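I have placed the structure first, in the form of structure tokens, so that the comments after it can refer back to it.
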Amino acid sequence: MTDIALRFGGRRNPPVAVAHLREIPVSAMVVLSGLVLLLVSAFLPWAVNVGSGQTANAFEPNLPWLLGGTDLAQQTAGSFGNGWILIAVVVVSVAAGYPLFCGRRMVAVPLASIGGAGAVYVYFTSYRFDNQFSKIEGLVVELGSGWWLALAGSLLMVTGGVIARVGAGNRRAAVATTGPVTLEALSGNQDRRDRESAVRTIMLVAALASILVSALIVLALVRDALTFMINIDWASVWSSGWFPRRGFYDIKTLVVSTGLVVGVSTLIATPVGLGAAIYLSEYARPRTRRWMKPTLEVLAGIPSVVFGFFALQWISPNIIQHIDVWFGQDARLGNLAAAGVGVGILSVPLMASISEDAMKAVPHSLREASAGLGSRKVTTTLRVVLPAAVSGLMAAFIVTTARAVGETMVVFIAGGGGDTAVYTHNVFDGSLTMTAAMASLASGTDSVVGEGLTFESLYFVGLLLFVLTLGMNLVADRIVRRFQNKY
Amino acid sequence: MRLGRVFDDRTRRAVTSEVYRRSRDVRGGVFRVLLQIALLVALLVLAILLVDTVTDGWSILSGRLGDFLSGGLRSQSGDPELGVFQGIRGSLWIAVFVIVLAFPLGIGAAIYLEEYAPKSRLTSFIDLNIRNLAGVPSVVYGLLGLAIFVRGLEGLTGGQSVTAAGITLAVLVLPIVIITSSEAIRAVPQSLREAGYGAGATKWEVIRTQILPYAAPGILTGTLLSLSRAIGEAAPLILVGAVTGFLGGQSGLVDISQLQERFTALPIIITEWVQESGRDRGFAPAAAAAIVVMLVVVLLLNSAAIFLRNHFEKKR
Amino acid sequence: MTTVTDSVEMAMSGGGAVPQASEAPPAVATAAGGEAFPPDTVFRVEDLNCYYGSNRAVRDVTMDISEREITAIIGPSGCGKTTVLRCFNRMNDLIEGARATGTLLFRGVDLYDPRVDPVEVRRRVGMVFQKPNPFPKSVFDNVAYGPRIAGSVPKSELPDIVEASLRRAALFEEVKDRLKDSAIGLSGGQQQRLCIARAIATNPDVLLMDEPCSALDPISTAHIEELMHRLKEEYTIVIVTHNMQQAARISDRTAFFTADVDAETNSRYGLLVEFDDTERIFSNPSDERTENYVTGRFG
């Protein structure tokens, strides 16, 4: 007994200086180190240039990148040519972080030194000797313009601070396990608890980032959409076509063609997706499933531009331009029907996987009960499994539809719309859906310009799209939650 | 036989035919065939798509693959320097941003939601929020990028730069990373957690030594899928201002200075060439070849993810 | 005893590298009433109530657990045996909404004092669970887990600790050639003994066992029971068991819990019926409910 007890008893006291360092709260270290680096990199160029009495334009006193970039930033951008080394530095620093985190200083310190040396090397070699600045000024300027360097530096410093603080918990010898039980002994190790709260805070911040993203989305959309809605002549929102650069923003053109595309896609995705799901969930043998499911997942992983290409180059000439005569139409290469078929194919895996999940959630006992009453598999599937899974299937349908509404590239490529669109309710015509209109407004030109509210119209359509899909997803979510509770 | 005495032949035949009626179940057979057709259609489309794309792009892929991979955006399809190098470079940077920003944030958020978060209103709000973010159309993320990262933070990102695009796509895949990582963490057995706590580990120690190693394959699967999604995504890039015409500057593959410059990416090049093919037919094979290049990357990532998941699912 | 504890306490708080905050705790916590805590008592439970949310699941438990004895907790399912056991190392803290009121002193220290770190408690009060739950790591890493995360042991001493712990858990001879193999490959009984080795590797004062044999076959169960007899010489053991024969065989003292229904809220709760020497509980219990249970007329 005693042999272990004695070993546990060894208690090493860290140096006093280190002990005091650990008194600083993690949050303060994080905030402070970040702030200091930010401020230094923002103000140093200005401070140097005041000190050196320079008056040239290049040294105009301002807050360089913090408030929107400078000439200097432009001048020195591109001076940093050691990307590979920088990446290596980052990798080494990260690699150094883990052992440090686990308290293995003997591994961490050499790695960190290599990383640090690499950083210094990159820093000096990146300086451009052919410009007019003196070396030290050049360095400072570089520090100011290289926002990413400052950012990386503060990140490193912050992580360093956290790691130092967090790792300390590991380095400190724990209170002897076999010592007498006292309140102090049981209140444990301050460092360990600090590390816990530090980690918890980091994770919470990460989770809050998602809220920030949604807030930013809404903010970004609403601000410019409001400008549009306040200043727009509403007659132009209900006219005969979408000519954003000429001030005609007919929403109904976009909405109707969106509806046409979604309609065609639903006609494809629902039967094919549902059928595949039923087969996989009820009929397929495990061996069949084993290769079929991954194949469907491959289909799901294909980027939508590829379906755009496929819809325009294959579906349209080989299918749509053959069947259009049945309807007395003559379709051009780009048309809404081809886009709809493309979107439909793209939605099949989504429809199939959510539907299959819904049917898998139906308890096996229900199927057995039905089979026990002498039902055939068709009857069991159609009369028992599908009704039991109906809410999940509804959710699958809604989610797939929402996805089709938001699909951009297929429609943009194969929908046959240009920059503008005339109102149509014919699937064999080319037109612009909401998403395609946004893409075409934003593409081709360096920035969205045109008549006064052209730019804002982008956000108006975006807000409409956002609200529409959000509503559908919320409804689907509701349905899914309800059917999850059922079993 | 005893049965023979009780039932006469007629009854026996009726029973036998009832029991073996499978062959006469027309309705069931038709239903089954319909289902198989549905599945077949899906697979057939996949096959046609792949074959059609490869055939279209074959002339380039077999003839001048090396030049194609190192060439740039050109206005004429016959230009011998036409290629996708700038697109690969842009997509590579986007992947770097996704890995650096979305992965740590997403995994951190998942750990918080599964291990730390109390059952509070804030938690369920964050949860709902993430699920809805996953359903927001990608083009809306493009608007976000345009408003915030291109215009709002122009000083930081350099405007319509690969930085703005990278951050936008990182934000786009963040909810996917969170959701898949959460699922992987939820699948860790409770007994493992209890064993860790019982041995005197703190929460973070349990997470670091037990939960993360156990959930790692699942998390990796999710991150690979989201990475391939980010690489194939085009709509947000169009809004953020990816270059579709000529893009100057032939710097190396990894050169930090590009971070604040104009950029393009593989899916954007494909879009551009498909659209240009109406004017200049020669762009169609170029687009197909570019698709093959992109699909190789994307499908490799996807298959790796699917394989990983199936492999570890079977193991447990 | 009080003076010894006192001086150690002072030495520790005085010599520690990190001074405690100004609201330092009183040097020695004492049992209610002010008398010194009896040295051979490990836990003193007084009027312990456990809640899940607003539901009072266990009511008014009072018992003392003595050093180097095996205390068995028996009773029908749903009587709060496990809940009480998990109070002793504050494992209930991990369940959302679970809390406890009343007094629970661990060698004189209030376990539910806000200054007490449950993690530290769990290092001193080890736990073995119902189902063997080794980590999906090597045998060695399983046993070394506790000392490693505690960071109190130099790496070079880990092999000795692992060996000593495995020997104490009567497992070393069986696994000495496959210390690097995954613990998942061991048999159920070996896994449970590995879990015991893992628990004693942090050198705890007490071992809590939550139906440790319920998932094992009779032979493995016999192994574990034998092991417990030996472990008793060094550790205080509290065991929850379904199996009355087991309690009779191995324990020195037995607590019988039963479940009752609250007339007002119509919710089930557990309560301690009788706590006495095992022999008395099984031969001559003072409560009729105990007698009914141990004679098999109920439950």
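The shown structure was predicted, so the numbers you read here are calculated from the model rather than taken from an experiment. Note: hydrogens, waters and symmetry copies are ignored here, and every other heavy atom, side chains too, is used. Sequence lines set the chain letters: A, B, ... in the order given, protein chains first and strands last, and positions in each chain run from 1.
- The two residues Val140(B) and Phe466(A) have their closest heavy-atom pair at CG1-CD1, 4.1 Å.
- The residue among Val399(A), Leu474(A), Leu470(A) with the most heavy atom pairs within less than 4.5 Å of chain B is Leu474(A).
- Nearest heavy atom pair, residue Ala38(B) against residue Pro271(A), reads CB-O, 4.1 Å.
- In terms of heavy-atom pairs under 4.5 angstrom with chain B, the leader among Lys377(A), Met292(A), Arg200(A) is Arg200(A).
- Comparing Thr435(A), Val348(A), Leu216(A) by heavy-atom pairs within less than 4.5 Å of chain B, the highest count is held by Leu216(A).
- Look at Arg309(B) and Glu297(A) and you find a salt bridge, because one of the NZ, NE, NH1 or NH2 atoms lies within 4.0 Å of a carboxylate O, short of that distance.
- With a 4.5 Å cut-off on non-hydrogen atoms, Ile37(B) does not touch chain A at all.
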Exercise for the section: Please assess Leu143(B) against Tyr459(A) for the test side chain to side chain contact (heavy atoms under 4.5 Å, CB included), listing each intermediate value before the final yes or no. Expected result: CA-CA 7 Å; Leu143(B) 280 181; Tyr459(A) 284 84; 3.9 Å; yes
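- Here the closest non-hydrogen pair linking Ser210(A) and Asn129(B) is O-ND2, 3.4 Å.
- Comparing Val41(B), Leu144(B), Thr202(B) by how many heavy-atom pairs each has under 4.5 Å with chain A, the most go to Thr202(B).
- Counting heavy-atom pairs closer than 4.5 Å to chain A, the top-ranked of the candidates Ile207(B), Ile126(B), Val100(B) is Ile126(B).
- Proximity of a side-chain donor or acceptor of Asn473(A) to a complementary backbone N or O of Asn132(B) within less than 3.5 Å is not detected.
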Exercise for the section: Apply the test side chain to side chain contact (heavy atoms under 4.5 Å, CB included) to residues Ile202(A) and Tyr112(B): give CA-CA distance (whole Å), side-chain angles for both, the deciding distance (0.1 Å), then the verdict. Expected result: CA-CA 9 Å; Ile202(A) 294 171; Tyr112(B) 180 80; over 6 Å; no
Handout entry: Working for side chain to side chain contact (heavy atoms under 4.5 Å, CB included), residues Phe125(B) and Ile211(A)
Key = CA-CA 9 Å; Phe125(B) 177 68; Ile211(A) 303 252; 3.2 Å; yes
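- The residue among Ala290(B), Ala109(B), Ala234(B) with the most heavy atom pairs within less than 4.5 Å of chain A is Ala109(B).
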Exercise for the section: Given side chain to side chain contact (heavy atoms under 4.5 Å, CB included), test Arg32(B) with Tyr279(A) step by step and report yes or no. Expected result: CA-CA 8 Å; Arg32(B) 198 191 161 94; Tyr279(A) 188 81; 3.9 Å; yes
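- Here Ile48(B) is the residue among Ile48(B), Leu299(B), Val240(B), Val136(B) with the most heavy-atom pairs under 4.5 Å with chain A.
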